[in-house]
Amino acid sequence: MKPGRRVLEARWRAYEEERALDGRILRVLSALSPARVKRLSARGAVPLAPSSAASVTVVIPCFNYGRFLPDAVKSALAQPSVDVEIIIVDDCSTDDSREVAERLAREHPEVRLVANTSNSGHVRSFNAGWQVSRGEFVVKLDADDLLTPGALGRAVSLFQAHSSVGIVYGHPRHFAGAEPPVARQAAVRWIVWSGRDWLAERCRLGVSAITNPEMVLRSRVLRELGPMDPEVPYAPDMEISLRVASAHDVGYIGGADQALHREHAASMSETAGAGALVDLRARLAAFEAALRYSTVNGAPALLASARRALSRDAVRFAAARADCAESRSEVTALLAFATDIYPASTMWRSVRRLGREGKAPARSLRRAWGRASRKLRHERYYVRWVVTGL
């Protein structure tokens, strides 16, 4: 699942053919979105290749994705300027995934196969692959996703330039269908943020900035903080990014697609991750796992901020469903979630009305203006994410 991003992903498809990643209009709109994250470093032209050789491990958990596996491996093998190690972890697939992986390992010395003895899930599968890896950096690449040309070299360049950075990510392009799109690259740029500030912004908004395949981690940071959390199966990418940001700075690569995320009916985001309440609970689990025992300054306040943001999202989702006369039980469940995780909600009037009437408040001019203002704010946040990754 890609928490908090289903609406953003749908909107992105409408923008992607019309705007360049660094288009002027998007940059202007993005500047109108409030952000409380200070850049530690920003450059114009940056090196697209590492200054020295570096090894990157690409761990590919695979369960019944044999038909996608060759393309995922091919995208990793094609990465220039880095030494790539590919570890396929077959999670007891019932299709031909293991046979495909064995063939790829025979054909390419960079590829190894790890076969689970029992079905363990994609998070434990990634951890199993990472534990036997040798790379200085590591990527979790789902078997149905792809790396874009040069993605790992760009990420390693940023890591080498900024030793304080523990995680690097960029823009993921989402696509559907058999043929992946051509990855776009404009004027590549770097942004480095204080991890604590980046973490606070994520808590303020209550959403992830990372889907998964565009994220590269320092292996020593995983050894320091621990691997992905299998107790957060629907949002492990979100949880690990929050945890890393609590101890290290965060780097972003702008102006280029860093990964291609495939959307299809059998993907986890469509099967296990459907529904607003599932999404909200997954995000909450990620914030709680990352911050509950964190020693970062102000961790309790950050968790309270995240709970407040998720509570407000739940109320908005409930109002939208009530407006559309959707399931009364879903509206009730969303309101219960909102009031349970943040009892001090500032939206009590909306909660009471929705709970009592089962529908959104009357469409007065004032309320209509409120809805329009909230929609505009979300659009600004979306545009800011497209341009800056925040």
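All residue numbers refer to positions in the sequence shown, counting from 1.
Scanning both residues, Ile86 and Val73, for their nearest heavy atoms gives CD1-O, 3.9 Å. Heavy atoms only, all atoms of each residue included: Val89 and Ser125 are closest at CG2-O, 3.4 Å. When all heavy atoms of Phe337 and Leu277 are compared, the pair lying nearest together is CB-CD1, 3.9 Å. Scanning both residues, Leu302 and Val296, for their nearest heavy atoms gives CD1-CG1, 4.2 Å. Taking each heavy atom of Asp249 and Trp193 in turn, the nearest pair found is CB-O, 3.3 Å. Between Tyr252 and Trp385, the shortest heavy-atom distance links the atoms OH-O, 4.2 Å.
At least one side-chain heavy atom of Val192 sits less than 4.5 Å from a side-chain heavy atom of Val165. Side-chain atoms of Arg223 and Trp130, non-hydrogen and from C-beta on, do get closer than 4.5 Å to each other. Taking the side chain as every heavy atom from C-beta outward, Val216 and Val156 never approach each other to under 4.5 Å. Between Trp190 and Ser157 the shortest side-chain heavy-atom distance falls below 4.5 Å. A heavy-atom distance below 4.5 Å is found between the side chains of Phe175 and Leu260. Under the 4.5 Å side-chain criterion, counting only non-hydrogen atoms from C-beta, Phe287 is in contact with Leu310.
For the residue pair His261 / Glu214, no side-chain donor-acceptor distance below 3.5 Å is found, with atom types taken as modelled. Tyr342 and Arg308 are linked by a side-chain donor-acceptor pair at a separation below 3.5 angstrom, with hydrogens and angles left out of the test. Side-chain contact of Ser97 with Asn64: a donor-acceptor pair under 3.5 Å is absent, judged by distance alone.
With hydrogens and angles ignored, the 3.5 Å screen pairs a side-chain donor or acceptor of Asp257 with a backbone N or O of Arg184. A donor-acceptor distance shorter than 3.5 angstrom exists from the side chain of Ser55 to the backbone of Glu136, with no hydrogens or angles considered. Distance alone, capped at 3.5 Å, is enough to place a donor-acceptor pair between the Arg243 side chain and the Gly226 backbone. Proximity of a side-chain donor or acceptor of Asn119 to a complementary backbone N or O of Cys92 within less than 3.5 Å is not detected. A donor-acceptor distance shorter than 3.5 angstrom exists from the side chain of Tyr169 to the backbone of Gly389, with no hydrogens or angles considered. Here the side chain of Ser246 pairs no donor or acceptor atom with the backbone of Val244 at under 3.5 angstrom. Panel note: side chain Asn127, backbone Pro227; no donor-acceptor pair is recorded below 3.5 Å. With hydrogens and angles ignored, the 3.5 Å screen pairs a side-chain donor or acceptor of Ser75 with a backbone N or O of Leu147.
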Item to check | side-chain contact (heavy atoms from CB on, under 4.5 Å) evaluation trace for Val221 with His248 | outcome: CA-CA 9 Å; Val221 170; His248 298 271; 3.8 Å; yes
Checklist entry - Between Val59 and Val139, does a side-chain contact (heavy atoms from CB on, under 4.5 Å) hold up when you go through it step by step? => result CA-CA 6 Å; Val59 179; Val139 178; over 6 Å; no
Checklist entry - Which is it for Arg262 and Phe68 under the side-chain contact (heavy atoms from CB on, under 4.5 Å) test, yes or no, and what are the steps along the way? => result CA-CA 10 Å; Arg262 190 190 306 266; Phe68 297 127; 3.6 Å; yes
Checklist entry - For Lys140 and Asp142, what are the C-alpha separation, side-chain angles and deciding distance, and is it a side-chain contact (heavy atoms from CB on, under 4.5 Å)? => result CA-CA 6 Å; Lys140 177 180 179 286; Asp142 291 339; 2.7 Å; yes
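We find that Glu288 and Arg307 are joined by a salt bridge, their nearest charged nitrogen and carboxylate oxygen being less than 4.0 Å apart. One finds a salt bridge joining Arg283 and Asp313 here, because a Lys/Arg side-chain nitrogen approaches an Asp/Glu carboxylate oxygen to under 4.0 Å.
Note: Ile167 CD1 to Ser241 OG = 5.0 Å, rounded to the nearest 0.5 Å. Interatomic distance, Ser294 OG to Arg292 CZ, rounded to the nearest 0.5 Å: 12.5 Å. If you take CG on Asp229 and CG on Leu242, they are separated by 11.5 Å, rounding to the nearest 0.5 Å. To the nearest 0.5 Å, atoms CE (Met215) and CG (Leu141) are separated by 11.0 Å. Here CG of Leu199 is found 5.5 Å from CG of Leu291. Values are rounded to the nearest 0.5 Å. Atoms OH and CG, from Tyr65 and Asp90 in turn, are 13.5 Å apart once rounded to the nearest 0.5 Å.
Take Arg218 and apply the salt bridge (charged side-chain N to carboxylate O under 4.0 Å, His left out) test, not counting sequence neighbours, and it matches no residue.
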Name the atoms and distances for all side-chain donor-acceptor pairs under 3.5 Å in residues 98-109, with sequence neighbours left out.
from	atom 1	to	atom 2	distance (Å)
Arg98	NE	Glu102	OE2	3.4

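Between Gln258 and the options Arg154, His171, Gln185, Arg173, a side chain to side chain donor-acceptor pair (under 3.5 Å) holds for only Arg154. Partner of Val58 under the side-chain contact (heavy atoms from CB on, under 4.5 Å) criterion, out of Ile88, Val111, Val138, Leu152: Leu152 alone.
For Arg202 and Trp198, the positive end sits near the middle of the six-membered ring, less than 6.0 Å away and at most 45° from its axis.
Here salt bridge (charged side-chain N to carboxylate O under 4.0 Å, His left out) pairs that include residues 77-89, with residues two or more places apart or in two chains, are Glu85-Arg112, Glu85-Arg134.
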